[in-house]
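Just so it is clear, the values below take in all heavy atoms, side chains as well, and ignore hydrogens, waters and symmetry mates. For this chain, numbers begin at 1 and follow the sequence in order.
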Amino acid sequence: MTAQTDTPASVTTVYQVSGMSCGHCEGSVSGEIAEIAGVTSVKAVAATGEVTVVSAAPLDEEAVRAAVDEAGFELAGKA
């Protein structure tokens, strides 16, 4: 199931990340994903495990997976 919204200037994608349990986790995941080229906004919610990413163009899922891995968590896929 993919939650993706396209507008002329951006693409919003919701990813499911396992292992987040607090605000620090949210910050770690958000910080790593924000470093991907083209990302304009990231909002991680530990309670649901959802990470909403707004970018200029669709992101390579492997780049997102690598960023989440770098933060110490696991990308379960798109929400």
Side-chain angles (χ1 to χ4, degrees):
M1 187 173 174
T2 299
Q4 190 165 318
T5 306
D6 298 336
T7 63
S10 67
V11 177
T12 301
T13 308
V14 180
Y15 297 94
Q16 194 67 39
V17 175
S18 59
M20 293 190 300
S21 61
C22 64
H24 182 265
C25 299
E26 294 170 347
S28 295
V29 170
S30 295
E32 290 295 334
I33 293 174
E35 292 181 15
I36 299 171
V39 171
T40 56
S41 171
V42 182
K43 178 173 174 58
V45 180
T48 61
E50 290 185 346
V51 180
T52 303
V53 181
V54 179
S55 55
L59 298 175
D60 174 26
E61 190 166 328
E62 286 308 310
V64 177
R65 184 175 309 281
V68 171
D69 286 348
E70 183 66 29
F73 301 95
E74 182 180 346
L75 180 67
K78 292 181 183 173

Asker: Give the minimum heavy-atom separation between C25 and G19, together with the two atoms involved.
Answerer: SG-O, 4.4 Å
Asker: Tell me every residue that passes side chain to side chain contact (heavy atoms under 4.5 Å, CB included) with A67, counting only those two or more places apart in sequence or in another chain.
Answerer: E32, I33, I36
Asker: Restricting to pairs with a member in residues 37-61, which pass salt bridge (charged side-chain N to carboxylate O under 4.0 Å, His left out), not counting sequence neighbours?
Answerer: E61-R65
Asker: State, yes or no, whether a side-chain contact exists between L59 and V53 at a heavy-atom distance under 4.5 Å.
Answerer: yes
Asker: Identify the two heavy atoms, one from A46 and one from S21, that lie closest to each other, and give their separation to 0.1 Å.
Answerer: CB-C, 3.8 Å
Asker: E74: what forms a salt bridge (Lys or Arg N to Asp or Glu O under 4.0 Å) with it, not counting sequence neighbours?
Answerer: none
Asker: In Å and rounded to the nearest 0.5 Å, what is the OG to CD distance from S30 to E35?
Answerer: 11.5 Å
Asker: I'd like to know if the side chain of T40 and the backbone of V54 have a donor-acceptor N/O pair within less than 3.5 Å.
Answerer: yes
Asker: Compare every heavy atom of S28 with every heavy atom of F73, then report the nearest pair and how far apart it is.
Answerer: CE1-CB, 4.3 Å
Asker: Please answer: with hydrophobic residues joined when any side-chain heavy atoms are less than 4.5 Å apart, are V39 and V14 in the same cluster?
Answerer: no
Asker: Might you point out which heavy atoms bring V51 and A44 nearest each other, and give the distance in Å?
Answerer: CG2-CB, 3.9 Å
Asker: Side-chain contact, heavy-atom cut-off 4.5 Å: L75 with D69?
Answerer: no
